[in-house]
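Here is the structure we will look at, set down as structure tokens.
Chain naming here is simple, since letters A, B, ... match the order of the sequence lines and numbering starts at 1 in each. Computed over heavy atoms, backbone and side chain alike; hydrogens, waters and symmetry mates excluded.
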Amino acid sequence: MRLSSYLLPTLKESPADAEITSHKLTMRAGMIRKAAAGIYTYLPFGLRSVRKVEQIVREEMEKAGALEVLMPMVVPAELWQESGRWEQYGKELLRLTDRKNSEFCLSPTHEEVITDVVRGTVRSYRQLPINLYQIQTKFRDEIRPRFGLMRGREFIMKDAYSFDLDDAGADASYERMFQAYQNIFRRCGLDFRAVEADTGNIGGTASHEFMVLADSGEDAIVSCDSCAYAANVEKAQMRTEPGTVAEATQELRLVDTPGRRSVEEVAQFLAVDPACLIKTLLVQTDSGERLAVLVRGDRELNEIKLCRLLGCNEVFMLDDDGVTAMTGAPVGFAGPVGLDCRILADLEVEFIRDGVTGGNCADRHYMGVNPGRDFTVEQYADLRSAEAGDGCPRCNGTLQMWRGIEVGHVFKLGTKYSEAMKATVLNKEGREVPLVMGCYGIGIGRTVAAAIEQHSDDNGIIFPMPIAPFQVLITLLNPKDEAVLAAGEKLYDQLRRAGVEVLLDDRDERPGKKFKDADLIGIPIRVTVGGRGLKQGEFEVYMRASGEQKMLALDKTATWLIDEVNRQLAG
RNA sequence: CGGGAUGUGGCGCAGUCUGGUAGCGCACCUGCUUCGGGAGCAGGGGGCCGGAGGUUCAAAUCCUCUCAUCCCGACCA
């Protein structure tokens, strides 16, 4: 491709609304342009990288035995009503009506459609296992799209769905996909971890997320420093140290704590350790029940663990009025003593002796509080979020904390959808059984963005070879110089004939601009063709990642480059 | 949806408080000179200041409403 006839609108400055590296660089390198919040056009240069990732995904999916399909984006409401998600899914589901007033949605995921297809086409266990995937544009009307391709409303996703006769088969399918995902992200040049994850509103029995490690990541994950345990903090457990319930030594007493509401303020005012405080969180479930949840003052409640325990989809923190209605005190003075509702508590709370809680009265706290004696906890459970330094739940190691970008997610769905939608096959005994499903997603654009988060410097992008829009950039310093043009074009032709993807910068621009653009767009190998080198019979080859530079004889360069590209593609 | 902020040529910004002829840098077009890390000079094109209403002799500027975008929280590939 000749840059003189290409569309590569590079920007000297980052658009004001771009916050993180990959958003700034995808804009500056002329890869994307925004059409609306979370909705983007992929320009030619950006699309090439997207296609590279898609191709890697296709290869690994096919290798794992999955078959490509393409499902509709506009899906009739009936299918979603059948699974029950038409009501459940909420506002992320963009609903529309056609001219006949029939209801549809823009599908954010395709469990319903694929299950409908499979129940109509697969009748016998002999046809199993089967795994169908597609690479397609999804729409989720996210509350807050952000960071360019990182969280779009419209985005390209690979989604795969496996169908098996039984759990053992489903486990094997899951394992195959898990392995394929490892291959995909490794080939994309990413530093990632597979972590245990919550299943969210997709549902199912088990799941792993593939997290690209990056400070800009929206997820927090923990991993053990000595074993393989790794999990999203939403899900992460921690080792519970065996506690001893000591004797209470203090009487319960109310003390004045004027204006002290937060854990820090109260702890400091009363000169006690925040770990001695019992934080009382008043929540309401989606079914309307109001209850109190206790965690140690220095810990955070994990709402997802709470939901799992309560068996509900969502819990909401009570607002100021709700808190006052329950405790008779303003926010900041709630406590379990004398509170008239169910009380749940994190495991650690049981071992707090002579603690501090809110007094359910303005500007008062209780001291000398002892669980069991002063209030009754219905159930102790693991309800807090894991933190760096917590013990690993699987071994004696210690948990470390990271930020991650979720580029892939695999789920064991079980029979949630197949039962709801009556997707069954006949087993060996001739009996109808529901299919056991799995589903597997990869954010394609997000993977490109994540790669850029991990591979850039102050000058721009540094594409890993396998997902680079072009593999080699030939920079003609002065295309008007016939010798330069001839030498550059010859190399360009040689490389193209060998199947190398090469971009020829034949623009009539000054060298400075060409070098700046070259660094910005991050093509892994740059060949500079200029009068200076030609006089010595050499091309100058520059490696974007390492900064390494070498002079190569004119007639040896093409071969060297072909080898180098292949070497880098192989990883 | 709650909290915060911003909308002025393609991009980055000033001007708004204190109303009075719409500006700067980059980019773009033409010419000349330049040409190994975002060139210089000269000339040129492009914006009814997000939109609607109002106040006023006069509105980018003041008021009301609205739309859009971004950031912080709950959702997710």
Side-chain angles (χ1 to χ4, degrees), chain A residues 9-20 23-24 27-28 30 33-39 53 57 89-93 108-110 135-160 181 185 197-202 207 209-212 218-219 232 234 303-304 307 313-317 319-320 405-411 439-450 459-460 475-481 484 508-520 526 528-534 540 542 549:
Chain A
T10 55
L11 301 174
K12 218 168 182 175
E13 291 173 285
S14 300
D17 56 12
E19 289 285 323
I20 63 170
H23 189 191
K24 288 177 184 168
M27 288 294 299
R28 287 190 56 208
R33 284 295 182 266
K34 184 172 70 178
I39 300 177
V53 173
V57 168
Y89 211 87
K91 290 199 175 170
E92 275 73 49
L93 188 65
T109 175
H110 279 76
I135 295 173
Q136 186 222 32
T137 299
K138 294 283 188 284
F139 194 91
R140 295 183 186 174
D141 201 358
E142 298 271 350
I143 299 166
R144 188 146 102 79
R146 58 177 157 183
F147 299 157
L149 296 185
M150 201 64 86
R151 176 184 296 279
R153 290 192 292 170
E154 184 176 301
F155 60 100
I156 302 171
M157 177 163 128
K158 186 285 299 182
D159 46 323
Y181 275 40
F185 297 122
D198 186 68
T199 49
N201 66 5
I202 302 280
S207 115
E209 289 166 335
F210 288 77
M211 292 284 189
V212 171
E218 296 183 90
D219 288 275
N232 193 310
E234 292 177 348
E303 293 186 19
I304 289 173
C307 286
N313 285 321
E314 256 183 309
V315 293
F316 311 92
M317 301 297 294
D319 60 16
D320 296 10
I405 300 165
E406 182 189 351
V407 290
H409 201 159
V410 294
F411 297 85
C439 77
Y440 317 91
I442 290 178
I444 302 289
R446 188 182 278 184
T447 299
V448 172
N459 295 317
T475 299
L476 304 183
L477 286 184
N478 183 1
K480 284 181 180 160
D481 179 329
V484 167
D508 182 20
E509 294 285 356
R510 295 172 58 83
K513 181 178 167 76
K514 295 188 175 197
F515 287 136
K516 288 291 183 189
D517 275 346
D519 288 344
L520 175 61
R526 184 181 86 206
T528 307
V529 185
R532 198 196 278 169
L534 286 187
E540 180 183 309
Y542 174 82
Q549 196 158 298

Give [X] one of three labels, base, sugar-phosphate or nothing, depending on what nucleic acid heavy atoms sit under 4.0 Å from its own.
{"X": "A:Gly408", "result": "sugar-phosphate"}
{"X": "A:Arg28", "result": "base"}
{"X": "A:Phe147", "result": "sugar-phosphate"}
{"X": "A:Asp219", "result": "base"}
{"X": "A:Gly445", "result": "nothing"}
{"X": "A:Glu19", "result": "sugar-phosphate"}

- prompt: Is a salt bridge present between A:Lys480 and A:Asp508, judged by a nitrogen-to-oxygen distance below 4.0 Å?
  reply: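 So A:Lys480 pairs with A:Asp508 through a salt bridge.
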- request: Mind calculating the distance between CD (A:Glu154) and P (B:rA77) to the nearest angstrom?
  value: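 Atom CD in A:Glu154 sits about 17 Å away from atom P in B:rA77.
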query: Checking only heavy atoms, does the side chain of A:Arg140 share a donor-acceptor pair with the base of B:rC76 at less than 3.5 Å?
result: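 Check fails, no donor-acceptor contact within cut-off.
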message: At less than 4.0 Å, is any side-chain N or O atom of A:Arg510 found next to OP1 or OP2 of B:rA39? Yes or no.
response: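 Affirmative; the distance criterion is met.
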- prompt: For B:rC76, does either OP1 or OP2 sit under 4.0 Å from a side-chain N or O belonging to A:Arg146?
  reply: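 No, because none of the side-chain N or O atoms of A:Arg146 sits under 4.0 Å from OP1 or OP2 of B:rC76.
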- request: Looking only at side-chain atoms of A:Ala37, point me to the closest of B:rC70, B:rG36, B:rA77.
  value: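 The answer is B:rC70, which lies nearest to the side chain.
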message: Return the pairing partner of B:rG31 with a 3.5 Å limit on both distances, Watson-Crick or G-U wobble; otherwise return none.
response: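 Pairing partner, where one exists within any strand: B:rC41.
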task: Hey, can you tell me if A:Phe185 and A:Tyr181 have their rings parallel, tilted or perpendicular (30° and 60° cut-offs)?
output: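 Ring orientation, 0 to 90° scale: perpendicular.
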query: Measuring from A:Arg532:CZ to A:Leu477:CG, what's the distance to the nearest 0.5 Å?
result: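 The distance works out to 8.5 Å.
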